[in-house]
Undergrad: 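Take a look at the following structure, please.
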Amino acid sequence: MEFEFYYYAIFLATGVIAGFIDAIAGGGGIITIPVLLASGLPPHIALATNKLQGTFGSGMASINFIRKGFITWSEVFIGVIYTFIGAAIGTYAILLMDASILAKIIPAMLVGIFIYTLLSPKMGENDRHAYLGSHLFFLVFGIGLGFYDGFFGPGTGTFWTIALVTLLGFNLKKATAQTKVMNFTSNIVSLAVFLWSGNVLILVGLMMGFGQIIGAYIGSNMVIKKEVKFIRTFFLIMVGLTLLKLIYSSYIA
């Protein structure tokens, strides 16, 4: 599919903005997917191409967090394995099934997350007691959220962050860093499946991906430098916007 030159400038700018937002609080997909759909792409090609550009952003953020010491491989290794498995199954499933049912369930889940975060002003300020062992946690959420990201996607980073904070007791900075590693894992696995199916527009994805690298680098540095209160505020804004977008697309449009 061919585009006018100015479309590629829009794709690049969209990638920068989405990469910045996604590195801080997740939810970049609420910007990139509507832009891809507005350009005239069919939904399955828009979702597939979005995985290519999203892989660049989550990869850049992960690298930056690793370099700055926010990631311990012994803590995330088992999560990467389970997320890999879940994402592979979920992406293959979306090629066979309709995601409309999940599209109607997810807004209700995000309402709960938004309310919980809003009513917990000190959420994620410090490390807390873990309610689940890490192996059981990653078995459940790695496969579950990996599957969800491969099958549908919007809000995955939000779900990861809230789960890491509430169930493993991570502070918000550490949870945000680990979320990017899990996002990168599910993105690259989903991308491989979509490439195999022939649904990815390479040039569009690479253009947005270049923008994602720039935005993710800036955003991940802000997570490292800023206080938890800033991250929490940004997180709430993105949960709210994601929620409005999903409600509109699932129940109104």
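All values below come from the heavy atoms of this structure, side chains included, with hydrogens, waters and symmetry mates left out. One is the number of the first residue; the rest follow in order along the sequence. Just so it is clear, the model here is predicted, and its values are computed rather than measured.
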Undergrad: Can you tell me how the ring of Tyr92 sits relative to the ring of Trp196, calling it parallel under 30°, perpendicular over 60° and tilted otherwise?
TA: tilted

Undergrad: Determine whether Lys68 and Asn221 make a side-chain contact, defined as any pair of heavy atoms from C-beta on separated by less than 4.5 Å.
TA: yes

Undergrad: Measure the spacing between CD1 of Ile78 and CZ of Phe137 and express it to the nearest 0.5 Å.
TA: 13.0 Å

Undergrad: What I want to check is whether the side chains of Asn187 and Thr55 have a donor and an acceptor closer together than 3.5 Å.
TA: no

Undergrad: Which atom pair, heavy atoms only, marks the closest approach of Ala175 to Val165?
TA: CB-CG2, 3.7 Å

Undergrad: Please report the shortest heavy-atom distance between Thr32 and Ala18, naming the atom on each side.
TA: CG2-CB, 3.4 Å

Undergrad: With under 30° as parallel and over 60° as perpendicular, where do the rings of His135 and Tyr82 fit, or are they tilted in between?
TA: perpendicular

Undergrad: Among residues at least two apart in sequence or on other chains, which ones pass side chain to side chain contact (heavy atoms under 4.5 Å, CB included) with Ile71?
TA: Phe65, Ile66, Val76, Ala177, Gln178, Val181

Undergrad: Could you work out, with side-chain hydrogen bond (donor to acceptor under 3.5 Å, both in side chains) as the rule, every residue matching Thr185, not counting sequence neighbours?
TA: none

Undergrad: Please determine whether residues Ile188 and Trp73 belong to a single hydrophobic cluster, defined as Ile, Leu, Val, Met, Phe, Trp and Tyr linked transitively by side-chain heavy-atom distances below 4.5 Å.
TA: no

Undergrad: Applying side-chain hydrogen bond (donor to acceptor under 3.5 Å, both in side chains), can you list everything that pairs with Thr91, at least two apart in sequence or on another chain?
TA: Ser190

Undergrad: Applying salt bridge (Lys or Arg N to Asp or Glu O under 4.0 Å), which residue pairs with at least one partner in residues 36-49 are found, sequence neighbours left out?
TA: none

Undergrad: How many angstroms lie between atom OG of Ser62 and atom CE of Met182, to the nearest 0.5 angstrom?
TA: 9.0 Å

Undergrad: Once salt bridge (Lys or Arg N to Asp or Glu O under 4.0 Å) is applied, what residue pairs with a partner in residues 35-58 remain, sequence neighbours excluded?
TA: Lys51-Asp149

Undergrad: In the structure I gave you, are the side-chain heavy atoms of Val204 and Met207 within less than 4.5 Å of one another anywhere?
TA: no

Undergrad: What distance do Leu195 atom CG and Leu191 atom CG have between them, rounded to the nearest 0.5 Å?
TA: 4.0 Å

Undergrad: Applying side-chain contact (heavy atoms from CB on, under 4.5 Å) to Thr176 and Lys173, what does each step give before you reach the verdict?
TA: CA-CA 5 Å; Thr176 301; Lys173 283 191 178 185; 5.8 Å; no

Undergrad: Tell me, which pairs form a salt bridge (Lys or Arg N to Asp or Glu O under 4.0 Å) where one or both residues lie in residues 179-190, sequence neighbours left out?
TA: Asp22-Lys180

Undergrad: Quick one: hydrophobic cluster around Phe5, which other residues, with the 4.5 Å side-chain cut-off, linked directly or via members?
TA: none

Undergrad: Given side chains that start at C-beta, do those of Leu206 and Phe56 come closer than 4.5 Å, heavy atoms only?
TA: yes

Undergrad: Tell me whether Leu12 is reachable from Val200 by hopping between hydrophobic residues (I, L, V, M, F, W, Y) whose side-chain heavy atoms are closer than 4.5 Å.
TA: yes

Undergrad: Do Phe147 and Leu164 sit in one hydrophobic cluster, given that two such residues count as connected whenever their side-chain heavy atoms are within less than 4.5 Å of each other, even indirectly?
TA: yes

Undergrad: Consider side chain to side chain contact (heavy atoms under 4.5 Å, CB included). Of Thr166, Thr156, Leu172, which one does Thr161 pass it with?
TA: Leu172

Undergrad: Among residues two or more places apart or on two chains, list those pairs meeting side chain to side chain donor-acceptor pair (under 3.5 Å) that have a residue in residues 198-215.
TA: Gln53-Gln212, Ser197-Asn199

Undergrad: Mind checking ring-ring contact (aromatic ring centres under 6.0 Å, His included) for Phe77 and listing every partner two or more places apart, or none if nothing turns up?
TA: none

Undergrad: Are Thr83 and Leu145 side-chain neighbours, meaning at least one heavy-atom pair lies under 4.5 Å?
TA: no

Undergrad: Could you pull out the closest heavy-atom pair between Leu201 and Thr49, with the gap in Å?
TA: N-OG1, 3.1 Å

Undergrad: So which atom in Ala216 and which in Ala61 form the shortest heavy-atom distance, rounded to 0.1 Å?
TA: CB-N, 4.0 Å

Undergrad: Could you tell me the separation between the CD1 atom of Ile17 and the CD1 atom of Ile218, rounded to the nearest 0.5 Å?
TA: 11.0 Å

Undergrad: Evaluate the side chain to side chain donor-acceptor pair (under 3.5 Å) criterion for residues Ser58 and Asn183: first the C-alpha distance (whole Å), next the side-chain angles of each, then the deciding distance (0.1 Å), finally the verdict.
TA: CA-CA 6 Å; Ser58 56; Asn183 276 160; over 6 Å; no

Undergrad: Taking the side chain as everything from C-beta on, heavy atoms only, tell me whether Thr14 gets closer than 4.5 Å to Met208.
TA: yes

Undergrad: Flag yes if Ile89 and Val189 sit in one hydrophobic cluster, no otherwise; membership is Ile, Leu, Val, Met, Phe, Trp, Tyr, and two members link when side-chain heavy atoms are under 4.5 Å apart.
TA: no

Undergrad: Hydrophobic clusters here meaning ILVMFWY residues chained together by side-chain heavy-atom distances under 4.5 Å, can you tell me if Phe184 and Val80 are in one?
TA: no

Undergrad: Output all residues satisfying side chain to side chain contact (heavy atoms under 4.5 Å, CB included) with Ser134, sequence neighbours left out; order by chain, then residue number.
TA: Phe138

Undergrad: List for me each residue that meets ring-ring contact (aromatic ring centres under 6.0 Å, His included) alongside Phe70, sequence neighbours excluded, and say none if there are none.
TA: none

Undergrad: Can you find a pair of side-chain heavy atoms, one from Phe11 and one from Ser39, that are under 4.5 Å apart?
TA: yes

Undergrad: Please name all residues satisfying ring-ring contact (aromatic ring centres under 6.0 Å, His included) with Phe210, sequence neighbours left out, ordered by chain then number.
TA: none

